[in-house]
Amino acid sequence: MKFEEDRLSELPEHILHHIFSFLPFKQVVQTSMLSRRWERVWNTDPSLEFGETIFELDFLTCFFLDPDQLEEDRIKLKKSYNCLEQVLRNRPMSLKKFTLDMLYHDLPECLSFIDKCVCYAIGSNVQELKLGLFAYVCKYYNLPQIVLYANSIEILELSYCKLELPRNNVMLSSLRKLSLFQVDVDDHMMKNLVAGCPLIEYLHVVECSLSLKNLVLFGLSRLKEIKLENDYTLERVDIETLNVQLLSFSCLPLRLINFASNKNLRSLHLTLVSITDEQFCSHVPKLPLLEDLRIIQCYKLKCVKISSPYLRTLHCVKCDELFELKVDAPNLHNLLYSGDVISLSLNAVSLSKVDVKLSCRNTDTQWYLKYVDFLAKFHRFSEVLNLHISTNEDVMVPRELRQILPSPLSSVKHLNLRLLGGPINFSIKKLLDGLLWISPHAKSIYIDYHDFSKASLKFEFSYKKQLNYKEETISCCKSLPVSCWQHCIEKVNVEKKESHDLKGAAIFETIDLLYSVGDS
């Protein structure tokens, strides 16, 4: 009998270790039973990850549902802990990464197990330590202070831990990345912690809302990225660092904020931050190298003025009180605006991609006048416009206004429309008539539905030479600012699951017969 050659076992150890990183912990352990080679590969794996699936979470949840099961469940947990502790004792004392993800209870056996894991990792000179603890009702896990003096740690991720001020200053001399999620840390401890990380590059603080009220970061010349999210008790943020390139603030009810001195900042993201017009104007203009600015649901902003020579990306999303936006950014490439129509002033000669998501509160005549004026701001800057709007009725300017207003997007060649609400069944010719008035002589129009059950429509247009009003007398064109598309289109290619080329005088009547806006 011939056995197939075992090529997998012949792979170098570092490749097998990489394969282990994609497998659950139990399967990785099982490979050590295959042969002495596989046992050696397992024991020399520089990464050790205890995932939540090995702790029988279905039993743990019974603690809150059936008290009679408590003793039985604790016995099963102790067996799991003892088995994993045996794994730690049998492994060589060398470790690059250690991860512990588990539901945390303040039971003696649980606390003892976590303590042993932490001590093992520190004793193994671990470089990346992740304690992914989570709990329902019990108190936070008190992080052993030995972690705060581990010079080998480069990446530290903590969740559901309590950090207490140590007797001596924190010394994490190799730490580059610090992530805190639902960690109980007060102002003094945070100050001491960050001061003890001279090489820190990334700082993420998420939902640390128990005790943290003031965050002051000073110096830290290597710090590049700061993310603060859902820290509801945080009242003051003061950041004075030389080389930070990304600041991201989300869900922060700040009273005082200062980041204007970060002259090398490249990206600024503000989401649900209570920043005012005055605060915005006193900070953003002082960031000369800013390339990426995102303002999302900042409800206190009303009038925003942005002047930045290097800005390439600008997102302004659902700032409901905003009524005026002035942008002077000659290198702006990507612009996303979401909200109702506002007063817009735009100088962006390099603009190549525009996404407009309009939420229409009241589509009366005044709204449509503002809508046309708003779209007209883009006609000189971009050949492609992506327009997101509730229904096909909202996008269509009333015919009486089309007779007296100029088309707003005369230079846009590709108009992409996405209907966020349900489409209304009516003539596709009327919809195209409205879109081709907005963007006369567009090369393509793409109609997409938020409802993925409906197929999208793509129209590609070929035109005859534009009509000369001095030589031609066509009644439907006399009152229009540009020649009527109905007399310029030579051919239309329509794609909806399959492609059709249509020609002749009755092109759009044919489209109406073949396609219905409300059909799937």
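Along the sequence shown, residues carry numbers from 1.
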Least distance between heavy atoms, M396 atom then Y368 atom: O-CE2, 3.4 Å
Going by atom types only, do N243 and S221 share a side-chain donor-acceptor pair under 3.5 Å? no
Out of L314, D355, T313, which one pairs with L336 under the side chain to side chain contact (heavy atoms under 4.5 Å, CB included) rule? D355
For residues 337-349, which side-chain N or O atoms pair as donor and acceptor with protein atoms under 3.5 Å away, sequence neighbours left out?
unit_1	atom_1	unit_2	atom_2	d
Y337	OH	D340	O	2.5
D340	OD1	W367	NE1	2.9
N347	ND2	D328	OD1	2.8

State, without any angle test, whether S211 and D184 hold a side-chain donor-acceptor pair at a distance under 3.5 Å. yes
Between F378 and V356, is any pair of side-chain heavy atoms under 4.5 Å apart? yes
With sequence neighbours excluded, residues passing salt bridge (charged side-chain N to carboxylate O under 4.0 Å, His left out) with R236: D238
Are any of the side-chain heavy atoms of V194 and M190 separated by less than 4.5 Å? yes
Using atom types as modelled and distance alone, determine if a side-chain donor or acceptor of S350 lies under 3.5 Å from a backbone N or O of L332. no
When every non-hydrogen atom of D231 is compared with those of C208, the smallest separation belongs to OD1-N, 2.7 Å
Going by heavy atoms in the side chains, are L435 and L415 under 4.5 Å from each other? yes
With ring pair (Phe, Tyr, Trp, His ring centres under 6.0 Å) as the rule and sequence neighbours excluded, what pairs involving residues 221-247 come up? none
For the residue pair S444 / H414, report whether a side-chain donor-acceptor contact shorter than 3.5 Å exists. yes
Between T233 and S209 (side chain of the first, backbone of the second, donor and acceptor by atom type, cut-off under 3.5 Å), is there such a pair? yes
How would you list, by chain and number, every residue that makes a side chain to side chain contact (heavy atoms under 4.5 Å, CB included) with E235, sequence neighbours excluded? R255
Please assess L270 against I275 for the test side chain to side chain contact (heavy atoms under 4.5 Å, CB included), listing each intermediate value before the final yes or no. CA-CA 9 Å; L270 304 174; I275 186 171; 4.1 Å; yes
Across all chains, not counting sequence neighbours, the side chain to side chain contact (heavy atoms under 4.5 Å, CB included) partners of E383 are K413
Apply side chain to side chain contact (heavy atoms under 4.5 Å, CB included) to the pair L210 and D186, showing each step before the final yes or no. CA-CA 8 Å; L210 284 180; D186 62 21; over 6 Å; no
Starting from the C-alpha separation in whole Å, work towards a yes-or-no answer on ring pair (Phe, Tyr, Trp, His ring centres under 6.0 Å) for Y140 and Y160. CA-CA 6 Å; Y140 284 60; Y160 218 83; 4.2 Å; yes
List in chain and number order the residues that pass side chain to side chain contact (heavy atoms under 4.5 Å, CB included) with T365, two or more places apart in sequence or in another chain; answer none if no residue qualifies. L369, L401
Identify every side-chain donor-acceptor pair in residues 284-308 under 3.5 Å, counting partners at least two apart or on other chains, and give the distances.
unit_1	atom_1	unit_2	atom_2	d
D292	OD1	R294	NE	3.0
D292	OD2	H269	NE2	3.0
D292	OD2	R294	NE	3.3
D292	OD2	R294	NH2	3.2
R294	NE	H269	NE2	3.4
Q297	NE2	Y299	OH	3.2
S308	OG	L290	O	3.4

Side-chain touch L143/L131, heavy atoms, less than 4.5 angstrom: yes
Keeping the roles fixed (side chain from N262, backbone from T241), state whether a donor-acceptor pair exists under 3.5 Å. yes
Work out which heavy atom in L148 is nearest to a heavy atom in P166; give both atom names and the distance. CD1-CG, 4.2 Å
What's the verdict on salt bridge (charged side-chain N to carboxylate O under 4.0 Å, His left out) for K97 and E49, showing C-alpha distance, side-chain angles and the deciding distance? CA-CA 8 Å; K97 178 181 178 181; E49 301 187 34; 3.6 Å; yes
Taking only residues two or more places apart in sequence, or in another chain, which ones meet H283 in a ring pair (Phe, Tyr, Trp, His ring centres under 6.0 Å)? F259
Mind listing the closest non-hydrogen atom pair of S352 and S382 along with its distance? O-OG, 3.5 Å
Does any non-hydrogen side-chain atom of V397 lie less than 4.5 Å from one of W437? yes
Applying side chain to side chain contact (heavy atoms under 4.5 Å, CB included) to C110 and not counting sequence neighbours gives Y81, M102, Y104, L107, I114
Going by the ring pair (Phe, Tyr, Trp, His ring centres under 6.0 Å) test, which pairs reach into residues 171-214, not counting sequence neighbours? none
Answer whether the closest heavy-atom distance between the side chains of V147 and L156 falls below 4.5 Å. yes
For a side chain to side chain contact (heavy atoms under 4.5 Å, CB included) check, start with the C-alpha distance between S159 and F134, then their side-chain angles and the critical distance, and finish with the verdict. CA-CA 7 Å; S159 64; F134 54 103; 5.8 Å; no
Taking atom CZ of R222 as the centre, does the number of heavy atoms from other residues, nucleotides or ligands within less than 6.0 Å exceed 12? no
Any donor-acceptor pair under 3.5 Å linking the side-chain atoms of Y141 with those of D115? yes
Could you go through residues 244-252 and list every donor-acceptor pair under 3.5 Å that involves a side-chain atom there, pairing it with any protein atom two or more places apart or in another chain?
none

Matching residue for Y149 among L172, N168, N169 - test: side chain to side chain contact (heavy atoms under 4.5 Å, CB included): N168
Checking the side chain of N331 only, and the main-chain atoms of Y310 only, is there a donor and an acceptor separated by less than 3.5 Å? no
Could you tell me whether a side-chain N or O of S282 sits under 3.5 Å from a main-chain N or O of Q279, the two making a donor and an acceptor? yes
If I compare all heavy atoms of E164 with all of Q145, which pair ends up nearest, and what's the gap? O-NE2, 3.6 Å
Could you pull out all residues at least two apart from K458 that satisfy salt bridge (charged side-chain N to carboxylate O under 4.0 Å, His left out)? E460
Worked verdict on N264 versus L242 for side chain to side chain contact (heavy atoms under 4.5 Å, CB included): CA-CA 7 Å; N264 290 314; L242 183 62; 4.3 Å; yes
Taking C-beta and beyond as the side chain, do F381 and V412 meet within less than 4.5 Å on heavy atoms? no
Carefully, step by step, assess D187 and K213 under the rule salt bridge (charged side-chain N to carboxylate O under 4.0 Å, His left out). CA-CA 6 Å; D187 297 354; K213 295 184 178 181; over 6 Å; no
Within a reach of under 6.0 Å around CZ of F374, are more than 12 heavy atoms found that belong to other residues, nucleotides or ligands? yes
Taking all heavy atoms of L351 and all of L335, pick out the closest pair and write down the distance. CD1-CB, 3.9 Å
Lys/Arg N to Asp/Glu carboxylate O, E229 vs K227, below 4.0 Å: no
Measure the shortest side-chain to side-chain distance between K353 and N386 over non-hydrogen atoms and say whether it is less than 4.5 angstrom. yes
